[in-house]
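Read the numbers this way: they start at 1 and go in the same order the structure lists the ligands and their atoms.
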Amino acid sequence: MTAPLFRPQFPPAIQRVINRLYAETVAQDPRTRDAALAEGMANESHAGFYAAMTDARMPVTPEFGNLLYVMARSSGAREVVEFGTSFGVSTLFLAAALRDNGGGRIVSTELFPAKAARAEANLREAGLADLVEIRVGDARETLRSDDGAPIDLILLDAAKDLYLDVLRLLEPRLRKGGLVVSDRADLDGGDGDRAAAHIAYLTDMTNGYRMAGVATQALGQTFLHDVAIRV
Ligand SMILES: C[S@@+](CC[C@H](N)C(=O)[O-])C[C@H]1O[C@@H](n2cnc3c(N)ncnc32)[C@H](O)[C@@H]1O
């Protein structure tokens, strides 16, 4: 959100939308978060947290967005599944990569229709909407049926306590060499057991993954991410 983390490196039509969304995040997200806090909803362990955050963008950090682009490019991704669209910031980075890989599809999932509509508009403005299908509703349902195309990259960036459930749902389609990217699993607002179980699953060699932890910074804070490869 501040230089040098925020490197402009995409075609102008895409970069303009990314820049606007990060500027809006800085200007507006704290207000929405404060209102949620005032209602007693400090984090997602509270029922209604995401409903209270429908006006908030909650994007990945700019540097992690850049890393998503690099990971999708380096793995030659064509089939991507995303848990948690919000306003579509991470989706923009991933779709930019798919465009540069020569095409493909992102299936992204969002609980709230209003947010999905905002993401769709942002992707249209960036000229990337043709690469993205947004499914509205609970991802555990909307991802249940699919055509079985092998998945190259999974991004988990929504309710942390559901990461393992969503991964297990998609796992039969994840190709060898495919990536599982978990954003901020450390933030599980509940007792932490579910997100911890997710990380334990990815770090247990017998489950067929190898994992690396990555930290990025934005607005003076540190954000943690985990990147696993299916071996
Ligand atoms: C952290 S935000 C995603 C940010 C987005 N990846 C980005 O970088 O712009 C998480 C989103 O997941 C959505 N969400 C929460 N639980 C969900 C569920 N069970 N199924 C689908 N979406 C969900 C929330 O409404 C919220 O918009």
Hey, do the aromatic rings of F93 and F64 have their centres closer than 6.0 Å?
no

Relative to the heavy atoms of G137, which atoms of ligand 1 are at a distance of less than 4.0 Å?
20 (N), 21 (C)

Which of D186, D183, D157 passes side-chain hydrogen bond (donor to acceptor under 3.5 Å, both in side chains) with H225? It is D183

Proximity of E82 to ligand 1 by residue part, where a heavy atom lies under 4.0 Å
side chain

Flag R140 as yes when one of its N or O atoms lies below 3.5 Å from any N or O atom of ligand 1, and as no otherwise.
no

Please check whether V60 reaches ligand 1 - meaning an N/O of the residue sits under 3.5 Å from an N/O of the ligand, judged on distance alone.
yes

Distance-only side-chain donor-acceptor flag, E82 / T109, under 3.5 Å
no

Q9 and N66: side chain donor to acceptor below 3.5 Å:
yes

At a 4.0 Å threshold, what atoms of ligand 1 neighbour a non-hydrogen atom of F83?
17 (C), 18 (C), 19 (N), 20 (N), 21 (C)

Judged by non-hydrogen atoms, does A119 sit under 4.0 Å from ligand 1?
no

Do E110 and Y50 pair up side chain to side chain, a donor and an acceptor below 3.5 Å, judged on atom types alone?
no

Just need the protein heavy atom nearest to atom 11 (C) of ligand 1, so name the residue and atom and give the distance.
E110 OE1, 3.6 Å

Taking atom types as modelled, find out whether N101 and R73 have a side-chain donor-acceptor pair closer than 3.5 angstrom.
yes

Taking side-chain hydrogen bond (donor to acceptor under 3.5 Å, both in side chains) as the test, write out the residues that go with D226, two or more places apart.
none

Given the rule in the side-chain contact (heavy atoms from CB on, under 4.5 Å) test, do R184 and L224 qualify, once you have shown the distances and angles that lead to the verdict?
CA-CA 5 Å; R184 308 191 73 189; L224 301 180; 5.9 Å; no

Could you tell me which atoms of ligand 1, counted from 1 in the order shown, lie closer than 4.0 angstrom to a heavy atom of K115?
26 (C), 27 (O)

Please determine whether side-chain hydrogen bond (donor to acceptor under 3.5 Å, both in side chains) holds for the pair Y69 and D100, giving the CA-CA distance in whole Å, both sets of side-chain angles, and the decisive distance to 0.1 Å.
CA-CA 10 Å; Y69 175 88; D100 293 344; 2.5 Å; yes

For F112, the ligand 1 atoms whose distance to one of its heavy atoms is below 4.0 Å:
25 (O)

N/O of A139 under 3.5 Å from N/O of ligand 1, yes or no?
yes

Can you confirm, on distance only, whether ligand 1 has an N/O atom lying under 3.5 Å from any N/O atom belonging to V89?
yes

Tell me, please, which residues at least two apart from F83 pass ring-ring contact (aromatic ring centres under 6.0 Å, His included).
none

Proximal ligand 1 atoms for L111, defined as those under 4.0 Å from one of its heavy atoms:
16 (N), 17 (C), 21 (C), 22 (N), 23 (C)

Under a 4.0 angstrom heavy-atom cut-off, which atoms of ligand 1 come close to L162?
19 (N)

Please state which protein non-hydrogen atom is closest to atom 7 (C) of ligand 1 and give its distance, to 0.1 Å?
S90 OG, 3.3 Å

At a 4.0 Å cut-off, with the gap strictly under it, does some heavy atom of T91 reach an atom of ligand 1?
no

As a quick check of understanding, evaluate side-chain hydrogen bond (donor to acceptor under 3.5 Å, both in side chains) for S86 and K115, giving each step before the final call.
CA-CA 5 Å; S86 195; K115 283 193 136 180; 3.1 Å; yes

Atoms of ligand 1, numbered as shown, that sit under 4.0 Å from any heavy atom of M58:
1 (C), 2 (S), 4 (C)

Check this for me - ligand 1, G84, N or O atoms closer than 3.5 angstrom, yes or no?
yes

Checking the N or O distance criterion of under 3.5 Å, is ligand 1 in contact with D138?
yes

